[in-house]
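Every chain is numbered from 1 and lettered A, B, ... according to where its sequence line falls, protein lines coming before strand lines.
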There are 2 protein chains.
Amino acid sequence: MPCQGEGGITWRHRRGSITAIISPLPNVKVLMERSHPVTIVDVAERAGVSPGTVSNVLTGKRPVAESTRQRVQRAVEELGYQPNLLARSLVNRSSNTLGVVAYGLEYYGPSRTLVGIERQAAELGYSLLLDLLHRPDDQDVDAVLAELTARRVDGIIWAVHEVGDNHAWIDETRLHSLPPMIFLTMEQRPGAAIVATDNRAGARLATQHLIDAGRRTVGILTGPTSWWEVRERLAGWRNALEAAGLEASPALIAEADWTAAAGEAALKALLVRRPDIDAIFACNDQMALGALHCCLAAGRRVPHDIAIVGFDNTPESAFFWPALTTVRQHLAELGRLAVNELHRQIEAQQQGATLTPARHLLHPELIVRASSGGAG
Amino acid sequence: MPCQGEGGITWRHRRGSITAIISPLPNVKVLMERSHPVTIVDVAERAGVSPGTVSNVLTGKRPVAESTRQRVQRAVEELGYQPNLLARSLVNRSSNTLGVVAYGLEYYGPSRTLVGIERQAAELGYSLLLDLLHRPDDQDVDAVLAELTARRVDGIIWAVHEVGDNHAWIDETRLHSLPPMIFLTMEQRPGAAIVATDNRAGARLATQHLIDAGRRTVGILTGPTSWWEVRERLAGWRNALEAAGLEASPALIAEADWTAAAGEAALKALLVRRPDIDAIFACNDQMALGALHCCLAAGRRVPHDIAIVGFDNTPESAFFWPALTTVRQHLAELGRLAVNELHRQIEAQQQGATLTPARHLLHPELIVRASSGGAG
DNA sequence: TTGTACGCGTTATCAC
DNA sequence: GTGATAACGCGTACAA
C-alpha cells in the first residue's frame, strides 16, 4: 500500500499513522506538526526532485544543476532537515567515529591527552565514542571492544597505561580482526601502532640536571613498577647515573602509588635508610609534592639539603614551595598525533592498502625552577 | 535477482560480489574468508532458521523454542557474529547513546564529573558521544547540537559552565525541538532540567568556618565574575558575613582567573589595599595555592596571620603547605545524578509522557585542615 | 513457535 | 543532470 505514486497525490505510511501530502505544494502546516523526524524524502518532495538528487546536493559527490541545487537548499532550510548519520553510516560502511578507551581521566595526564585527541578528531571530522576503564587492569577488554566494533567505529585509540599484563590481549592476529587501532604509552609490540612520550629520555633529562647541579646521591621516587612507564623512567634514571659513574642501586629506589601521601611516606622511609641522599627524582609532580612536604616536616631544606625534580609539569607545580623543577610531556600533542596516525591508517585501509605500524616517540622537556636550585 | 530462494540453494548479491551459499550446511570456509561483516542473515542460514528468529533470540523480546535458541546461539558463536548497532538504532529509533558536551576537561572539576557520567551511563547501557568546547563561550553551539541530533543521541548532557551569556540560546521552545537534555551548573531556567552543586551553601560553609575561628576581616579571591558559579559563591560569602554583622564590601573582593598565578597577584594587590585582612576564602584550590604562595613571599604566616580556605578539595590540597582547608564538591556524584535524571526524562519521553524539568542541588562539604587553623 | 515482507533513512548503480 | 531501484543490517507486524 505504501508509496503508490498516482497523479499529484502520494500516500505514505509512517510510524503507524497515515499522512496525506499533496504535491507539488505540500501542506506546510502538516509537516511542521509532525514530531520532527523529517527525512530526505520530505525534502525531495518539497523541492520537487528525487531523494537521490537531494543526496547529491548534500554530499556534493555528483554535479547537480544550479537551479535545482538552490531549490533543494531552500527546502532543506524550510524543513529544518538534518541528515540521519545512522542511516548514512549504515550504507557508507563508515561512521566517521573514533572509539577512545581510556583510564584515569581524573588525573592530569590522561585528561590533557583526551583534550588533544578531541581537538584533532573534530578537526578531521570525527566524532568520539568514549569508554572508560575503572582500573588499568580492567578485565572487560572484550566487552569494550565488542561495543565499539558493534557501533562500527572507524578506528580505536587505546589510551590505557600498560600495567602488569593488562596488554597481554594485544597480538597481531587479534589486531587483524579489529578496526585500525593506535596505542598510547606502551611497550613496542609487533603489529601495533604506538604513540608515546619518551619516558626514558625524560628521566635522563631530570637526573642529568641533578648531576650537573653537583648532586651525588640521587634517589628516585617511583610509581608502581608494574607500570611500564615507571620501568622506563627507572631505566632513564639508571642510565644517567651510571654514565656519570654514580650509584644507581636498589637502595636508592622508593616505590609509591603516584599520590602525594604515598610519596611523602615512601621518601620518609627512604631517608631513614639513606640519610646521605641529596637529590630526588620523583616520577610525577604529586609525589614530588609529597616529597617537598616530607622534607619540610623533617627539617631538610629544599633545594639546599635536597634537590627535587618532578615529572608532568602540572599547572600547580610552579606554585609549590619551592617552585618545582619538572619534566614536561607534550600531552595534548600526543593526543593529536595519535589521531593523525590513526587517521592515516583508516584512510590507507579504505583504499585497500595497509600501513606498517610505526612507533612515534615524543620528546619531553625540562622545566627548571627553584626546587632543584636551578632558579630562585 | 537477489534473494531468490530456490530449493536448498540461495544466491545473494553483496557488496558487488556474488557469493553462493549451499543450505542447509553452508560452506564454512567461504564464510570465514569473507572480510568479516557477518550479518544476522548469515547466522540465520547457518542455524537453519529465519533472520527474524535470530533477532528474537538475541533481543529476547519474543519467546523462542529452547532447541532453536541453542542452534542460534551456536551459530552466533561459531561465526563470531556481532549485531550492527547502527542498523539496530536506525530501526529502533534510539541509539542508546548519550551526547556529552563539556568544557575544560583539563581541569579537575569537569574531568571528575565526566568520570561519574561515564560510570553511570555504562551502568545504564548507554554509550557516550563526547564533544568538547574550546572555550566556555564557544559560539559553535548550533553545530555541536546538530551533530549530536544527527547521530540520534537519546539525550544530551550539557556540562559547560555558565559564563557571560553563553547560555542565552537556551529557551523553552528551543529545548522542545531537541532530545531530552540536562544541564550542569547553571542558573535556573524555565523548561531546563538542572543538576548542580549548591555553590552558595559551599561558600557560606567556608566563610562561616572562618568567622567561627574568630576572623573578622574575610577577603574573597574569586574567579571571573562573568561565571555564574562565582557570583553564587560571592553571594554565599556575603550572606555569611552579613548574617554575622561583618563587613562584606567590594573592597574585600579580589578577582582572578582561577589560576594560581593570578590568585597570587590578586591577593598581593588586595593586601596592599587592605592590610587588615585576616582570612581569605579562595574560590578554588589553585587560587588558594597562589594565596599561600603570596603569604609566604610576603612574610605573612598561615594560618596565624591569615587563614585560608579553598574550594574543590583537589587531591593536592591536602599537601599544600600548610594543608588546605577546603570545600569538597561531590563531582562524580553530580555526573551520576545527571545521567540518572536524563535517563528518567528519556524513558518518560519514550512512553509518550513528559517530565516537568526539575532542579537538583548537591550539598558540598567542608574539609578542615591546617590552613584555617582548624587542625594541626 | 516460526517465516514473510516491509520499513527505518540514506547512498550507489544504472538507466534515461 | 536526473529519477527509479536496490541495497546497508536489523526489528516486527502479520500470516502461517
Side-chain angles (χ1 to χ4, degrees), chain A residues 1-5 12-18 36-45 47-69 71-72 79 81-96 149-152, chain B residues 1-5 10 12-19 23 36-45 47-69 71-72 76 79 81-96 149-152:
Chain A
M1 186 156 320
C3 283
Q4 296 189 335
R12 294 172 60 236
H13 186 87
R14 159 176 291 180
R15 279 200 298 142
S17 68
I18 307 282
H36 235 238
V38 33
T39 77
I40 204 172
V41 178
D42 300 320
V43 177
E45 281 170 354
V49 298
S50 79
T53 302
V54 176
S55 173
N56 293 336
V57 170
L58 263 44
T59 63
K61 287 184 182 173
R62 301 176 90 75
V64 58
E66 186 53 31
S67 61
T68 59
R69 117 166 283 113
R71 277 213 314 286
V72 170
L79 264 47
Y81 167 71
Q82 283 190 328
N84 185 328
L85 292 190
L86 257 34
R88 184 178 281 180
S89 301
L90 183 60
V91 55
N92 278 347
R93 298 166 164 288
S94 158
S95 61
N96 281 300
T149 56
R151 292 203 185 273
R152 297 300 187 265
Chain B
M1 186 160 316
C3 283
Q4 296 188 334
T10 311
R12 292 172 59 237
H13 185 88
R14 159 176 291 180
R15 280 201 297 140
S17 69
I18 307 281
T19 313
S23 305
H36 235 238
V38 34
T39 76
I40 203 171
V41 179
D42 300 320
V43 178
E45 281 169 354
V49 298
S50 79
T53 303
V54 176
S55 174
N56 292 337
V57 170
L58 263 43
T59 64
K61 288 183 183 172
R62 301 173 89 75
V64 59
E66 186 52 32
S67 61
T68 58
R69 116 167 284 113
R71 278 216 313 288
V72 170
V76 164
L79 265 46
Y81 167 71
Q82 284 191 327
N84 184 329
L85 291 190
L86 257 33
R88 184 178 279 181
S89 301
L90 186 59
V91 55
N92 279 346
R93 297 164 164 287
S94 159
S95 60
N96 282 301
T149 56
R151 291 203 185 273
R152 297 298 186 267

Euclidean distance, atom CZ of residue Arg93(B) to atom C1' of dC10(D) [Å, nearest integer]: 14 Å

Starting at atom CG of Leu90(B), determine the distance to atom P of dT11(C), rounded to an integer number of angstrom. 12 Å

Looking at every strand, decide which applies to Thr68(A) at a 4.0 Å heavy-atom threshold: base, sugar-phosphate, or nothing. sugar-phosphate

Would you tabulate the nitrogen or oxygen pairs shorter than 3.5 Å linking the protein to nucleotides 13-16 of chain C?
none

Net bend of the helix from dT1(C)-dA16(D) to dC16(C)-dG1(D), end axes of five pairs each, nearest 10 degrees: 40°

Side-chain N or O of Ser55(A) less than 4.0 angstrom from OP1 or OP2 on dT11(C)? yes

Against the side chain of Asn56(B), the closest entry in dC8(C), dG3(D), dT12(D) is dT12(D)

Please name the pair of heavy atoms, one in Asp42(A) and one in Thr39(A), separated by the smallest distance, quoted to 0.1 Å. OD2-N, 2.8 Å

Give the nucleotide from the list dT10(C), dT2(D), dG9(D) with an atom nearest to the side chain of Thr39(A). dT10(C)

Could you state the atom-to-atom distance from CG of Asn92(B) to C1' of dC8(C) in whole Å? 10 Å

Winner on side-chain proximity to Val91(B), out of dT2(D), dG3(C), dG9(D), is dG9(D)

If you take all heavy atoms of Tyr81(B) and Leu58(B), which pair is closest and at what distance? CE2-CD2, 3.4 Å

Of the candidate nucleotides dG9(D), dG3(C), dA12(C), which contains the atom at the shortest distance from the side chain of Ser50(B)? dG3(C)

Of the non-hydrogen atoms in Ile40(B) and Val54(B), which two are nearest, and what is the gap between them? CG1-CG1, 3.5 Å

Just call it for Thr53(B): base, sugar-phosphate, or nothing, with non-hydrogen atoms closer than 4.0 Å on any strand. sugar-phosphate

Rounding to a whole Å, what distance do you find between Arg69(A):CZ and dT2(D):C1'? 14 Å

Integer-rounded Å distance: dG3(C) P and Ile40(B) CD1: 12 Å

Length of the NZ-P vector between Lys61(A) and dT10(C), whole Å: 14 Å

How close do Val43(B) and Val72(B) get, counting heavy atoms only, and between which atoms? CG1-O, 4.2 Å

Which heavy atom of Ala44(A) sits nearest a heavy atom of Ser50(A), and at what distance? CB-C, 3.7 Å

Rounded to whole Å, the CG-C1' distance (Leu86(A) to dG7(C)) equals 15 Å

Measure the CG-CZ distance between Asn96(B) and Arg151(A) for me, rounded to the nearest 0.5 Å. 6.0 Å

What's Val54(B) touching, base or sugar-phosphate or nothing? Going by heavy atoms closer than 4.0 Å. nothing

Rounded to the nearest 0.5 Å, what's the gap from CZ on Arg62(B) to OG on Ser55(B)? Could you check? 9.5 Å

Would you tabulate the side-chain donor-acceptor contacts of residues 83-91 of chain A under 3.5 Å, counting partners in other chains and residues two or more places apart, or write 'none'?
unit_1, atom_1, unit_2, atom_2, d
Asn84(A), OD1, Leu86(A), N, 2.8
Asn84(A), OD1, Ala87(A), N, 3.3
Ser89(A), OG, Leu85(A), O, 2.6

Shortest side-chain distance from Tyr81(A), nucleotide among dG3(C), dC8(C), dT10(C): dT10(C)

In terms of the nearest nucleotide of DNA chain C, which residue is placed more toward the 5' end: Leu58(A) or Val49(B)? Val49(B)

What nucleic acid atoms does Pro51(B) come within less than 4.0 Å of, heavy atoms only: base, sugar-phosphate, or nothing? nothing

5' priority, DNA chain D, between Arg88(B) and Ser67(A) [closest heavy atom]: Ser67(A)

Looking only at heavy atoms, the pair that brings Arg152(A) and Gln82(B) closest together is NH2-O, 3.9 Å

CD of Gln82(A) versus C1' of dT10(C): gap in Å, rounded? 15 Å

Checking contacts here: which listed nucleotide (dG9(D), dT11(C), dT10(C)) is nearest the side-chain heavy atoms of Asn84(A)? dT10(C)

